[in-house]
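Just passing along the structure, written as structure tokens.
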Amino acid sequence: MVDFIKAVTEALREQDKSTEDLFQNGVVSKNTFYKYKQRNPSIKTLVNIANYLEVSLDCLLEFSDENNFVPYEDDQSGFYDNLIAMIKKSNLTSRQFCAEMNYSRANIDRYKNGVLPNLQTLIEIAQYFGCGVDDLLVHQ
């Protein structure tokens, strides 16, 4: 997994900004930001930071060198639709997908109801389909 604080700090430096700019602009609190040394940010926080920096999540998470930024919506309800489209495109059922990923089928229901996976799960799903994180979050 990418060193999230380092990745954000480098992205800020490229824009002549600092972590203080993140805090002062209310993107994320200082205490929360430094907790990411031990844990991953939520998708909501990740999207807030990406929007502030105008950088794609794939670029920020170092999955791509290209910054194909498209502003992320606060409402990430498109995740479920994108996931289902990828499952169908792979000629799988939701049940087969969950079995192959060793996920509970209840996760699909939670996603349908607007719950987002954690960052690690999002990355695992993207890797499974051989796509970027952006492909799962950006409305198609």
Point to revise | Considering all heavy atoms, the nearest Q96-N91 contact | key: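 Looks like OE1-O, 4.1 Å.
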
Practice item. Can you establish whether the number of heavy atoms outside E20 located under 6.0 Å from its atom CD is more than 12? Key: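 Yes, CD of E20 has more than 12 neighbouring heavy atoms, counting only those of other groups under 6.0 Å.
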
Review point. Quick one: are Y103 and I125 in side-chain contact, heavy atoms under 4.5 Å?
Key: yes

Check your understanding: Side chains of C59 and F69: closer than 4.5 Å at any heavy-atom pair?
Key -> no

Review point. How long is the gap from NZ on K35 to CZ on F4, to the nearest 0.5 Å?
Key: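 The CZ atom of F4 is 15.0 Å from NZ of K35, to the nearest 0.5 Å.
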
Practice item. May I ask you to decide if R110's main-chain N or O and N113's side chain share a donor-acceptor pair within less than 3.5 Å? Key: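 Side chain of N113 to backbone of R110: no pair is present.
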
**Study point:** Distance in Å, T93 OG1 paired with R105 CZ, rounded so as to fall on 0.5 Å steps
**Key:**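 The CZ atom of R105 is 8.0 Å from OG1 of T93, to the nearest 0.5 Å.
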
Check your understanding: What are the two closest heavy atoms between E10 and E62, and how far apart are they?
Key ->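 Smallest interatomic distance, heavy atoms only, reads OE1-OE2, 4.3 Å.
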
Point to revise | Result of checking L12, L60, V8 against V55 for side chain to side chain contact (heavy atoms under 4.5 Å, CB included) | key: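 Option passing the side chain to side chain contact (heavy atoms under 4.5 Å, CB included) with V55: L60.
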
**Study point:** Between F129 and F97, ring centroids under 6.0 Å
**Key:** yes

**Study point:** M86 side chain near C131 side chain, heavy-atom distance below 4.5 Å
**Key:** yes

**Study point:** Any donor-acceptor N/O pair, Q15 side chain to L53 backbone, under 3.5 Å
**Key:** yes

Point to revise | Heavy-atom donor-acceptor pair, N67 side chain to E54 backbone, under 3.5 Å | key: yes

Check your understanding: Do S90 side-chain atoms and L92 backbone N/O form a donor-acceptor pair below 3.5 Å?
Key ->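 Pair absent, no side-chain N/O of S90 close to backbone of L92.
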
Exercise for review: Please confirm whether the backbone N or O of D81 pairs with a side-chain atom of Y111, one donor and one acceptor, at under 3.5 Å?
Suggested key: no

Point to revise | Within 45° cone of Y52 ring axis and under 6.0 Å: K17 NZ or CZ | key: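 Ring-cation test returns yes.
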
**Study point:** Value rounded to 0.5 Å, distance of CG in N40 from CG in L122
**Key:**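 Output value for this atom pair is 10.5 Å.
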
Practice item. Any chance you could lay out the side-chain hydrogen bond (donor to acceptor under 3.5 Å, both in side chains) test for S104 and N107, step after step, and finish with the verdict? Key: CA-CA 6 Å; S104 165; N107 287 338; 5.0 Å; no

Point to revise | Exam field: side chain N25 to backbone V27, donor-acceptor pair closer than 3.5 Å | key: no

Exercise for review: To the nearest 0.5 Å, tell me how far K30 NZ sits from L22 CG.
Suggested key: 12.0 Å

Check your understanding: Mind checking whether I87 and V115 sit in one hydrophobic cluster, side chains of I, L, V, M, F, W, Y counted as touching below 4.5 Å?
Key ->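 Each belongs to a different hydrophobic cluster.
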
**Study point:** Which atom of L137 lies closest to which atom of I43, heavy atoms considered
**Key:**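 Closest heavy-atom pair between L137 and I43: CD1-CG2, 4.0 Å.
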
Point to revise | Minimum heavy-atom distance Y36-S42, with the two atoms named | key: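 Closest pair (atom of Y36, atom of S42, distance): OH-N, 4.5 Å.
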
Check your understanding: Do the non-hydrogen side-chain atoms of D134 and V70 ever get within less than 4.5 Å of each other?
Key ->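 When only atoms from C-beta onward are counted, V70 and D134 do not touch, as no gap falls below 4.5 Å.
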
Practice item. Side-chain contact test, heavy atoms from C-beta onward, threshold under 4.5 Å: evaluate it for R13 versus T9 and give yes or no. Key: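 Yes, at least one pair of side-chain atoms sits under 4.5 Å.
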
Check your understanding: Do N48 and T45 meet the criterion of a side-chain donor-acceptor pair at a distance under 3.5 Å?
Key ->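 No - no donor-acceptor pair under 3.5 Å links their side chains.
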
Study note, to complete from the structure: Output for pair (D58 CG, D135 CG), nearest 0.5 Å, gives 6.5 Å

**Study point:** Greater than 12 external heavy atoms within 6.0 Å of R95's CZ
**Key:** no

Exercise for review: Kindly compute the distance separating CD (Q24) from OG (S18), expressed to the nearest 0.5 Å.
Suggested key: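 These two atoms lie 7.0 Å from each other.
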
Check your understanding: Got L46 and L61 here, is their nearest side-chain heavy-atom distance under 4.5 Å?
Key ->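 In short, these two side chains touch, coming nearer than 4.5 Å.
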
Practice item. Over all heavy atoms of both residues, which pair between T32 and S29 is shortest? Give the atoms and the distance, please. Key: OG1-OG, 2.8 Å

Review point. Do F33 and P41 have side-chain heavy atoms sitting under 4.5 Å apart?
Key: no

Review point. Checking N51 side chain against P71 main chain: does a donor-acceptor pair fall under 3.5 Å?
Key: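 Checked: no pair found.
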
